[in-house]
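Take a look at the structure set out below.
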2 protein chains.
Amino acid sequence: MNAEKIPDIIIARLPVYLRALQRMADKGLQTTSSQDLGERVGISAAQIRKDISQFGEFGKQGTGYSIPYLINKLREILKVDRMWDVIIIGAGDMGHALARYQGFADRGFHVVMVFDNDKNKIGHKIGDFIIEDTSHLVEKVKSAGIKIALLTIPATVAQEITEKLVEAGVKAILNYAPISISVPKDVKVQHIDPATHLQRMTYYL
Amino acid sequence: MNAEKIPDIIIARLPVYLRALQRMADKGLQTTSSQDLGERVGISAAQIRKDISQFGEFGKQGTGYSIPYLINKLREILKVDRMWDVIIIGAGDMGHALARYQGFADRGFHVVMVFDNDKNKIGHKIGDFIIEDTSHLVEKVKSAGIKIALLTIPATVAQEITEKLVEAGVKAILNYAPISISVPKDVKVQHIDPATHLQRMTYYL
DNA sequence: TAGATTGTTAATCGATTAACAATC
DNA sequence: TAGATTGTTAATCGATTAACAATC
């Protein structure tokens with residue numbers, strides 16, 4: 001792992017490689033090549049080698065990459081060789097689905113709190129969590145040192161809640177609300193919006 | 001709309017512009033500029049002008065863009081000036097959330113069927129839909145002429161179901177399973193995976 | 001008119017690909 | 001050894017930005 005700035009676009013591909021490698025490990029495979037991995041994820045072999053080589057020499061000429069070893073290296077690079085506490089804001093259908101999502105635990109994430117501003121929901125259970133009042137969001141998140149939030153609230157309140165999250169010290173937001181949110185430049189945002197993703201494909205139909 | 005090939009990366013930004021414009025229209029705004037829109041979505045004004053100008057001259061020097069006009073043009077370009085029937089495969093938590101999602105209707109999509117392979121679920125209701133048997137997937141999708149599918153099933157069966165969808169004539173798949181799926185090159189895939197999206201941000205924490 | 005903002009060109013910047021020596 | 005595949009360089013390709021004439 002060198003000190004030079006790694007382009008964002010490379011970082012964005014690493015989780016895709018990691019996911020494919022974990023599927024391969026599930027099947028009991030031990031080694032792969034840039035060619036093989038590339039076919040699985042739809043990326044050229046040259047690009048995979050170039051991306052991985054930014055961080056060290058993890059392969060062997062003639063044999064390729066050890067799957068378990070490369071998984072460990074990618075986990076370290078992406079800092080998911082540890083568990084991150086995350087919170088969910090919004091206890092609607094999407095919040096429910098995420099609170100019960102099984103895919104977080106083995107990829108470095110652990111849901112610890114769920115918030116909502118609806119008086120009829122606060123205090124009730126959602127999966128293993130008791131829904132907490134959004135008005136306590138800043139103090140609770142700050143004191144727990146939470147850095148990651150999942151936003152599943154209406155577009156109309158997304159910016160306002162985002163500002164609370166930033167105030168509370170959150171540095172990474174996964175935004176399910178159908179609106180672009182503004183954050184300081186030390187805070188990262190990823191948008192997940194099913195309609196927007198579908199609209200990227202209809203052009204080609 | 002000219003005949004030259006528009007880069008994929010430009011098409012990917014248009015739904016983001018459209019979403020922001022719709023939020024502005026909701027607030028009653030009538031016009032915007034590349035500068036203003038750019039600040040809202042976090043993209044440079046020059047790039048927004050360049051992207052939009054690929055498709056025609058939709059703005060006016062001195063005053064910018066009419067929001068309703070630009071919304072209509074983007075809808076036409078993205079082919080969401082009509083309604084697309086979509087199906088959901090997998091009646092788990094995520095399938096439920098998507099079946100009840102309110103954000104599809106005004107952005108060009110309409111859920112028409114939900115499938116699952118679990119005998120305990122088939123025949124039961126999910127929102128307004130009766131869950132149908134995956135074994136009838138190909139015939140039903142083919143005869144209804146459906147082109148878009150949302151995949152919310154386990155990684156282990158994702159590729160197998162994908163092949164059925166392709167056989168049935170589906171040309172756009174929104175994949176919620178944590179695995180890369182392979183499709184013929186005339187089929188588009190978008191991946192939505194919360195853990196992968198979070199892993200794109202942890203690197204920077 | 002004066003000010004603002006587009007659409008477009010050229011320059012810059014960055015990412016991808018092809019090729020191959022090194023080496024397992 | 002012979003075959004395979006990495007890591008890396010240089011060439012190519014593509015995307016972004018800056019600048020500005022045109023014009024509302």
Side-chain angles (χ1 to χ4, degrees), chain A residues 1-17 20-21 24 29-74 77 185 200 203, chain B residues 1-17 20-21 24 29-74 77 185 200 203:
Chain A
M1 212 171 313
N2 63 40
E4 286 160 48
K5 176 89 172 68
I6 307 288
D8 219 77
I9 198 164
I10 293 184
I11 300 304
R13 281 190 294 259
L14 299 186
V16 176
Y17 302 161
L21 290 163
M24 287 188 250
L29 298 174
Q30 290 297 315
T31 59
T32 185
S33 63
S34 56
Q35 176 77 31
D36 172 51
L37 180 56
E39 279 165 16
R40 290 173 192 268
V41 300
I43 289 176
S44 79
Q47 181 153 85
I48 287 180
R49 290 201 302 279
K50 192 131 206 281
D51 286 352
I52 292 173
S53 72
Q54 305 294 308
F55 303 96
E57 306 195 353
F58 301 152
K60 270 204 182 68
Q61 285 100 326
T63 55
Y65 301 91
S66 155
I67 291 172
Y69 182 76
L70 190 52
I71 286 174
N72 282 336
K73 285 297 177 184
L74 289 175
I77 293 162
K185 65 181 172 324
R200 282 162 90 141
Y203 174 80
Chain B
M1 213 170 311
N2 63 40
E4 287 160 47
K5 176 89 173 69
I6 306 289
D8 219 77
I9 198 164
I10 294 185
I11 301 303
R13 282 191 293 260
L14 299 185
V16 176
Y17 303 161
L21 289 163
M24 287 189 250
L29 298 174
Q30 291 297 314
T31 60
T32 186
S33 62
S34 56
Q35 175 77 32
D36 174 51
L37 180 56
E39 280 164 17
R40 292 172 193 267
V41 299
I43 289 175
S44 79
Q47 182 153 86
I48 286 180
R49 290 201 301 279
K50 192 131 205 281
D51 286 352
I52 292 173
S53 71
Q54 305 295 307
F55 303 95
E57 307 195 355
F58 302 152
K60 270 205 182 63
Q61 285 100 327
T63 54
Y65 301 92
S66 155
I67 290 173
Y69 182 76
L70 190 52
I71 286 174
N72 283 336
K73 285 297 177 185
L74 289 175
I77 293 163
K185 62 180 174 326
R200 282 163 91 141
Y203 173 81

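Per chain, numbering begins at 1; letters A, B, ... match sequence-line order.
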Report yes if some heavy atom in the side chain of [X] is under 4.5 Å from a heavy atom in the side chain of [Y]; otherwise report no.
| X | Y | value |
| --- | --- | --- |
| B:Leu14 | B:Phe55 | yes |
| B:Tyr65 | B:Leu37 | no |
| B:Tyr17 | B:Asp51 | yes |

Grab the [atom1]-[atom2] distance between [X] and [N] for me, whole Å please.
| X | N | atom1 | atom2 | value |
| --- | --- | --- | --- | --- |
| B:Leu70 | C:dT6 | CG | C1' | 13 Å |
| A:Asp36 | D:dA4 | CG | P | 15 Å |
| A:Ile52 | D:dG7 | CD1 | C1' | 11 Å |
| B:Gln54 | C:dT9 | CD | P | 11 Å |
| B:Gln35 | C:dT5 | CD | C1' | 10 Å |

Inset, instruction - Please name the pair of heavy atoms, one in B:Val41 and one in B:Ala20, separated by the smallest distance, quoted to 0.1 Å. - result: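 Answer, listing the atom of B:Val41 first, then B:Ala20: CG1-CB, 3.5 Å.
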Inset, instruction - Would you sketch DNA chain C in dot-bracket for me? Only Watson-Crick or G-U wobble pairs with both distances under 3.5 Å count, crossing pairs as [ ], other-strand pairs as |, the rest as dots. - result: ..||||||||||||||||||||||
Inset, instruction - Not counting sequence neighbours, which residues clear side-chain contact (heavy atoms from CB on, under 4.5 Å) with A:Asn72? List them please. - result: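 With sequence neighbours excluded, A:Asn72 shows a side-chain contact (heavy atoms from CB on, under 4.5 Å) to A:Arg75, given in chain and number order.
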Legend entry - Protein-to-nucleotide contact annotation, 5' to 3' order, nucleotides 12-24 of chain D [B base; S sugar-phosphate only; - none; under 4.0 Å, heavy atom]: ---SBBBB--BBB
Inset, instruction - Would you sort out whether B:Met24 and B:Ile67 count as a side chain to side chain contact (heavy atoms under 4.5 Å, CB included), showing the intermediate values? - result: CA-CA 8 Å; B:Met24 287 189 250; B:Ile67 290 173; 3.8 Å; yes
Legend entry - Worked verdict on B:Leu21 versus B:Leu74 for side chain to side chain contact (heavy atoms under 4.5 Å, CB included): CA-CA 10 Å; B:Leu21 289 163; B:Leu74 289 175; 3.5 Å; yes
Legend entry - Among B:Arg49, B:Gln47, B:Glu39, side-chain hydrogen bond (donor to acceptor under 3.5 Å, both in side chains) partner for B:Ser34: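 For B:Ser34, the side-chain hydrogen bond (donor to acceptor under 3.5 Å, both in side chains) check succeeds only for B:Arg49.
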Inset, instruction - Report yes if at least one side-chain N or O of B:Tyr65 is closer than 4.0 Å to OP1 or OP2 of C:dA4; otherwise report no. - result: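 No.
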